[in-house]
*Asks:* 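Below is the structure I would like to discuss, written out as structure tokens.
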There are 2 protein chains.
Amino acid sequence: MKPVTLKEIADQLNISVTTVSKALKDYPDISKKTKALVKELAQTLNYKPNAFAVNLRTKESKTIGLIIPEIVHHFFSSVIKGIVAQAEKKGYLVIILQSNESYELEKKQIQLLLRQRVDGILISLANGTADYNHLTDVLAQDKPLVMFDKIAKLVKCSKVIIDDRKAAYVATQHLIDTGCKRIAHFRGALLPQNSIDRFLGYKKALLDNNMPYDPSLVYICQCGDQSFEEGKMNARQLLKDHKDVDGIFINTDMVAIGAITEFNEQGVKIPEDISIVGFSNWFMSSVISPSLTTIDQPGYEMGKAAFKQLYKEMQQVKNKEPIVYKDIVLKTELVKRQSSKEVLHKTIH
Amino acid sequence: MKPVTLKEIADQLNISVTTVSKALKDYPDISKKTKALVKELAQTLNYKPNAFAVNLRTKESKTIGLIIPEIVHHFFSSVIKGIVAQAEKKGYLVIILQSNESYELEKKQIQLLLRQRVDGILISLANGTADYNHLTDVLAQDKPLVMFDKIAKLVKCSKVIIDDRKAAYVATQHLIDTGCKRIAHFRGALLPQNSIDRFLGYKKALLDNNMPYDPSLVYICQCGDQSFEEGKMNARQLLKDHKDVDGIFINTDMVAIGAITEFNEQGVKIPEDISIVGFSNWFMSSVISPSLTTIDQPGYEMGKAAFKQLYKEMQQVKNKEPIVYKDIVLKTELVKRQSSKEVLHKTIH
DNA sequence: TTGATTAACGAAAACGATTTCGAAATGAAC
DNA sequence: GTTCATTTCGAAATCGTTTTCGTTAATCAA
């Protein structure tokens, strides 16, 4: 009933615990005969080393912590999948925690993970997080910390991101290339860096194309649980405020889908009357009618890359080398679908 | 840099490790004065008990394992969220593993978790799992194991499920009540119990209403990654095979959405020509056009209930009481939307 | 025969906390 | 002054491994 220990194996074979331990780990100073004996008995008794004891000695837990704002989310669950898959390949287990977009919870969870003595931490910040002491605490302990997607630029650690600004630029440029003359933007809340960058990309694309930037065309939404509703609301408001808008770049697919639904209900034709480009490429976006042109955000790859970087840093700590931080920028892609028109033939000068 | 230990606190205060430990845990045989001193120093040094050492002594890890077939999945990610939230409330951490619907992986992961000495395991089985030795291994060690959603009826442990059969019955009955005369069924693969039960519910509803059961109206799909495509394919095939079908009960929303898409493309009117009822109530189902009538499957609640049961059993183990197994059946609900007609006025006898 | 080398194993000290069992000191009671 | 109880603390064992450093016995060279 109780798990088998080294001592029990040792007693049964009338040898010492030391020898058993060494035999199982193929130390060169144990004879082949005893090694065979030990290994066989361990097998039949179904011996499994007690992880606590091993960790206590070796000061490694072979466990990492993962904190994300929201689990039920296509993008984030893809990230989780990428992380878990990669971690398992390297023999690491993943403890998952959800911050619920709350700074307080995030802070508490970091403490929990540190107490658990995880070997490293992966985190995507809560929207509300503006204070970074809990993060620098981790780094001060020489424990690797890698941030992904929602990051804090000011914290000195590795980061895995996409170039939100560039992606937003591409999205907006696509609207321009397909003939849109007056382009609105539904942006996210003020805090997460992503919203800011996407907004900046939108703005830059306009200016680079000699189109005026009009702040009244920028609508803010919190992108929380009811982002679908927010998309509908913003769309309704836009129809009242600006009849001349013929294109919208929307911060995230869920909001875009809300907007599409509203436009469908009001008889506004997409893309004939208004073109729409979203962000993230959720599965849903390919299914809705009209299907949504959007920016593909590689969640699985991001998870994979984040773990790989963390792994590298954990190895560096193990070898007592200094940790080398890295910024990894993943590629995004515009996925052309029905909610935007065909690209106009460009005139050749 | 290195984490603070009891010994360091003891040395600084010139008292023994024992006293420090006791002080922090409010043992009655330590004076208030030393307790105050110890607690204050622990606070300022930011002392965190070494989880390994504690676990090694107490033989508790305050950690549970969670194995699911697929993380990127609306239903399962909701379950994860429920589990993680509830676990955190009780001071437990969750190690998450994904079996990828593979029996082999599932088996290996159970071993991993046992080695890690988790206090309990939550699992939703892979479709391919037909051999239960890895599960009985867990139970043989007196380690609580709770299965949810995709379960093995034969294994003696607690289970949290919905009544798939009844839910399917309700779904089919709804189609009948709204006037459908010839009802098809897109079912899942043969193995997971859920598919079988949903099929049986469908069949029973037909028979109870004196409608013939026609096996040629039952289409099978694997419900894997391409279930959307499978939905389209099946819909196309159905249109060829049976022009007279006016209702379909579909195993899962993703397939249903594929079917709706296909029908939309082929100009088949929903619900006028064909009514559709899905299963799961993914968010997508409320957004697609026409929106999908479906069975709401409470993922978050299932996760919550599963952890609560596991917690109960972990307490029982702790108190050396025998484990009491329980079958928990959660309520499902029919969510009426646009893909099915209004219920006919029933004649009163 | 002596000294050096090698092969094979074990004793014991960690790792950091918890807990049992005493011990010392103080005070109270007689 | 003796006895007894109470308060306050610590020594030491323990959890299960890992790893260092011996120790023994055998082998070999000269």
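In this text the structure is predicted, and so the values were computed from the model without any measurement.
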*Asks:* Would A/Glu88 and B/Gln98 count as having a side-chain donor-acceptor pair, cut-off 3.5 Å?
*Replies:*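 No pair is found: no donor N or O on one side chain lies under 3.5 Å from an acceptor on the other.
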
*Asks:* What nitrogen or oxygen pairs link the protein and nucleotides 13-15 of chain C at under 3.5 Å?
*Replies:*
from: C/dA14; atom 1: N3; to: A/Arg57; atom 2: NH1; distance (Å): 2.8
from: C/dC15; atom 1: O3'; to: A/Lys59; atom 2: NZ; distance (Å): 3.2

*Asks:* Between which nucleotides of DNA chain D, read 5' to 3', does contact with chain A run, using atoms under 4.0 Å from its heavy atoms?
*Replies:*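 Taking any atom under 4.0 Å from a heavy atom of chain A, the span is D/dG16 to D/dC21.
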
*Asks:* Tell me which residues in residues 33-45 of chain B put a heavy atom below 4.0 Å from DNA chain C, sorted by number, or none.
*Replies:*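 Correct list: empty, so none.
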
*Asks:* Under 3.5 Å, is there a donor-acceptor pair between the A/Gln309 and A/Glu313 side chains?
*Replies:*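 A pair is found: one side chain offers a donor N or O, the other an acceptor, under 3.5 Å apart.
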
*Asks:* Mind checking if A/Ser21 touches a base, just sugar-phosphate, or nothing, with heavy atoms under 4.0 Å?
*Replies:*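 Base contact.
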
*Asks:* Going by the rule salt bridge (charged side-chain N to carboxylate O under 4.0 Å, His left out), which residues pair with A/Lys143 if we only count those two or more places apart in sequence or in a different chain?
*Replies:*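 Once residues adjacent in sequence are excluded, A/Lys143 has no partner under the salt bridge (charged side-chain N to carboxylate O under 4.0 Å, His left out) criterion.
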
*Asks:* Measuring from atom CG of A/Leu122 to atom CD1 of A/Ile64, what distance do you get when rounded to the nearest 0.5 angstrom?
*Replies:*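 With rounding to 0.5 Å, CG (A/Leu122) is 4.5 Å from CD1 (A/Ile64).
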
*Asks:* Note the angle between the end axes of the helix from C/dT1-D/dA30 to C/dC30-D/dG1, five pairs defining each, rounded to 10 degrees.
*Replies:*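 Computed angle between terminal axes is 70°.
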
*Asks:* Taking salt bridge (charged side-chain N to carboxylate O under 4.0 Å, His left out) as the definition, give me every residue that meets it alongside A/Asp26, ordered by chain and number, with sequence neighbours left out.
*Replies:*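 Checked A/Asp26 against salt bridge (charged side-chain N to carboxylate O under 4.0 Å, His left out); matches are A/Lys35, A/Lys39.
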
*Asks:* Rounded to the nearest angstrom, tell me the gap between atom CD1 in B/Ile9 and atom C1' in C/dG16.
*Replies:*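 To the nearest whole Å, that distance equals 12 Å.
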
*Asks:* What protein N or O atoms touch nucleotides 10-12 of chain C N or O atoms at under 3.5 angstrom, if any, and at what distances?
*Replies:*
from: C/dG10; atom 1: OP2; to: A/Ser16; atom 2: N; distance (Å): 3.0
from: C/dG10; atom 1: OP2; to: A/Ser16; atom 2: OG; distance (Å): 3.0
from: C/dG10; atom 1: OP2; to: A/Thr19; atom 2: OG1; distance (Å): 2.3
from: C/dG10; atom 1: O6; to: A/Lys22; atom 2: NZ; distance (Å): 2.5
from: C/dA11; atom 1: N7; to: A/Thr18; atom 2: OG1; distance (Å): 3.3
from: C/dA11; atom 1: N6; to: A/Thr18; atom 2: OG1; distance (Å): 3.2
from: C/dA12; atom 1: N6; to: A/Thr18; atom 2: OG1; distance (Å): 3.1

*Asks:* Is a side-chain donor-acceptor pair under 3.5 Å present for A/Asn127 with A/Lys150?
*Replies:*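 Side-chain D/A pair, A/Lys150 to A/Asn127: present.
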
*Asks:* Does A/Phe52 reach a base, just sugar-phosphate, or nothing at all? Heavy atoms under 4.0 Å.
*Replies:*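 It contacts nothing in the nucleic acid.
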
*Asks:* With sequence neighbours excluded, tell me which residues meet ring pair (Phe, Tyr, Trp, His ring centres under 6.0 Å) with A/Tyr325.
*Replies:*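 A/Tyr325 satisfies ring pair (Phe, Tyr, Trp, His ring centres under 6.0 Å) with no other residue.
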
*Asks:* Separation of B/Lys25 atom NZ from C/dA17 atom C1', in whole Å?
*Replies:*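 For the pair B/Lys25 NZ and C/dA17 C1', the rounded distance is 9 Å.
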
*Asks:* For the pair B/Asn319 (side chain) and B/Glu321 (backbone), establish whether a donor and an acceptor sit closer than 3.5 Å, ignoring hydrogens and angles.
*Replies:*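 No, B/Asn319 side chain to B/Glu321 backbone: no donor-acceptor pair under 3.5 Å.
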
*Asks:* Quick test of your reading: applying salt bridge (charged side-chain N to carboxylate O under 4.0 Å, His left out), list the pairs with at least one residue in residues 104-126 of chain A, sequence neighbours left out, ordered by first then second residue.
*Replies:*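 Salt bridge (charged side-chain N to carboxylate O under 4.0 Å, His left out) check on residues 104-126 of chain A returns no pairs.
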
*Asks:* Do B/Lys90 and B/Phe307 have side chains that get closer than 4.5 Å, going by heavy atoms?
*Replies:*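 Yes; the side chains approach each other to less than 4.5 Å.
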
*Asks:* Tell me whether B/Lys62 contacts the main-chain N or O of B/Glu60 through its side chain, where contact means a donor paired with an acceptor under 3.5 Å.
*Replies:*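 Judged by distance alone, no pair lies under 3.5 Å.
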
*Asks:* Could you pull out all residues at least two apart from B/Lys7 that satisfy salt bridge (charged side-chain N to carboxylate O under 4.0 Å, His left out)?
*Replies:*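 So B/Lys7 forms a salt bridge (charged side-chain N to carboxylate O under 4.0 Å, His left out) with B/Asp11.
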
*Asks:* Looking at B/Asn50 and A/Leu56, would you say the former's side chain and the latter's main chain have a donor-acceptor pair under 3.5 Å?
*Replies:*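 It does not hold such a pair.
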
*Asks:* For A/Lys59, enumerate each residue passing the side-chain hydrogen bond (donor to acceptor under 3.5 Å, both in side chains) test, keeping only those at least two apart in sequence or located in another chain.
*Replies:*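 Not a single residue meets the side-chain hydrogen bond (donor to acceptor under 3.5 Å, both in side chains) criterion with A/Lys59.
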
*Asks:* With sequence neighbours excluded, tell me which residues meet salt bridge (charged side-chain N to carboxylate O under 4.0 Å, His left out) with B/Lys326.
*Replies:*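 B/Lys326 satisfies salt bridge (charged side-chain N to carboxylate O under 4.0 Å, His left out) with no residue once adjacent residues are dropped.
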
